[in-house]
Amino acid sequence: MNKIRRAFYQQNAVAAARGLIGAVLVHRVRGKEYRARIVETEAYVGPHDLASHSSKGRTKRTEIMFGPAGHAYVYLIYGMYDMFNIVAGRTGSGQAVLIRAAEPLGGWKADLTGPGKLTRALKITRSSNGLDLTGGRLFLLRDPNYHPRTKKAKRVGVDYAKEWKDALLRFFDAKSPSVSKQGLR
DNA sequence: GCGTCGATGGCA
DNA sequence: GCCATCGACGCG
């Protein structure tokens, strides 16, 4: 398995979100290594996408989304969950991919069937906001031997986003039992 | 197996 | 006053 390089993340968010289904997420923290296969993602395609945080413009929080691709965008939601995203596309385009669900690998048991549960189990927190994902701490691997059955659907929890709320920008592996609860449609 | 609701904090 | 969520409830 090869580490995913910056050129991959520099694709637009839709291509990156689709391409990350089946990839392996690796987090090395406090002497442990957690691995999980990504089975669900969502694309946030830029400031014109009313569901995207970048639609609020450049603020302290969204600044990272407008930076170079391949960096982590981690933010707090509902006062208690960290959401893990990957900045995508050209620098300044305000795109990102939300990692929504995964399956634990390597004999490790965990429930990763939702974006909040995933970050909690993998110990990904806001302290990793801005981290370069081409480094050795938090990164992704492409698995040439795994072939997901990728389907697309509406994004979850974005009913406020007007004409963008029904866009088919969520991708999931129909072979996986670990898609988030809201996920199977 | 559903729908509803409360927890909880950063942000604009 | 929102939220890119989750788990606990109450139902019958």
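Only a predicted model underlies this, so the values are computations on that prediction, with no experimental measurement involved. Labels below follow one simple rule: chain letters A, B, ... track the order of the sequence lines, proteins then strands, and each chain is numbered from 1. FYI, side chains are in, hydrogens and waters are out, and symmetry mates aren't considered; it's all heavy atoms of this structure.
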**Prompt:** Earliest and latest nucleotide of DNA chain B, 5' to 3', sitting under 4.0 Å from a non-hydrogen atom of chain A?
**Reply:** B:dA7 to B:dA12
**Item:** For atom OH of A:Y75 and atom P of C:dT5, their distance in whole Å
**Value:** 7 Å
**Message:** Once you apply a heavy-atom cut-off of 4.0 Å, does A:K56 come out as touching a base, just sugar-phosphate, or nothing?
**Reply:** nothing
**Message:** On DNA chain B, compare the nucleotides closest to A:R126 and A:Y81; which residue's is nearer the 5' end?
**Reply:** A:Y81
**Request:** Find the distance A:Q95:CD to C:dA4:P and express it as a whole number of Å.
**Result:** 18 Å
**Message:** Is there a side-chain contact between A:Y9 and A:V97 in this structure, where contact means two heavy atoms from C-beta onward sitting under 4.5 Å apart?
**Reply:** no
**Asked** Atom CZ of A:R100 to atom P of C:dT5: distance rounded to whole Å?
**Response** 5 Å
**Prompt:** Between A:K117 and C:dG7, is there a side-chain N or O to OP1/OP2 distance below 4.0 Å?
**Reply:** yes
**Message:** Which label fits A:Y75 and A:H53: parallel for a plane angle under 30°, tilted from 30 to 60°, or perpendicular past 60°?
**Reply:** perpendicular
**Item:** Between P of C:dA4 and CD of A:E42, the distance in whole Å
**Value:** 10 Å
**Request:** Using whole Å, report how far OH of A:Y78 lies from C1' of C:dA8.
**Result:** 17 Å
**Message:** Without decimals, in angstroms, what is the distance between A:L118 CG and C:dA4 P?
**Reply:** 17 Å
**A:K165/A:E163 salt bridge by N-O under 4.0 Å criterion** = no
**Prompt:** Given pairs defined as Watson-Crick or G-U wobble with both distances under 3.5 Å, what dot-bracket annotation applies to DNA chain B, with ( ) intrastrand, [ ] crossing, | other strand and . unpaired?
**Reply:** |||||||.|||.
**Prompt:** If you group Ile, Leu, Val, Met, Phe, Trp and Tyr by side-chain heavy-atom gaps below 4.5 Å, do A:W108 and A:L140 land in one group?
**Reply:** yes
**Item:** Separation between the P atoms of B:dC5 and C:dG12, rounded to whole Å
**Value:** 15 Å
**salt bridge (charged side-chain N to carboxylate O under 4.0 Å, His left out) partner of A:D132, chosen from A:R137, A:R6, A:K3** = A:R6
**Prompt:** Is there side-chain contact between A:R142 and A:F8, with heavy atoms separated by less than 4.5 Å?
**Reply:** yes
**Message:** Categorize A:M83 for me: base, sugar-phosphate, or nothing, with a 4.0 angstrom heavy-atom threshold over every strand shown.
**Reply:** sugar-phosphate
**Asked** Rounded to the nearest Å, what distance is computed from the CG atom of residue A:D82 to the C1' atom of nucleotide C:dA4?
**Response** 13 Å
**Message:** Within the structure provided, determine whether A:N12 and A:Q95 are in side-chain contact (heavy-atom separation under 4.5 Å).
**Reply:** yes
**Request:** Could you check how far CD of A:E40 sits from P of C:dT5, rounded to whole Å?
**Result:** 10 Å
**Contact check, side chains of A:L76 and A:R126, non-hydrogen atoms, under 4.5 Å** = yes
**Request:** Under 4.0 Å between any heavy atoms, over every strand shown, what does A:R61 touch: base, sugar-phosphate, or nothing? Just pick one.
**Result:** sugar-phosphate
**Asked** How would you label the contact of A:G79 with the nucleic acid (heavy atoms, under 4.0 Å): base, sugar-phosphate, or nothing?
**Response** base
**Asked** Are the charged groups of A:R149 and A:D173 less than 4.0 angstrom apart, N to O?
**Response** no
**Item:** salt bridge (Lys or Arg N to Asp or Glu O under 4.0 Å) evaluation trace for A:R155 with A:D49
**Value:** CA-CA 12 Å; A:R155 292 175 293 185; A:D49 174 2; 2.7 Å; yes
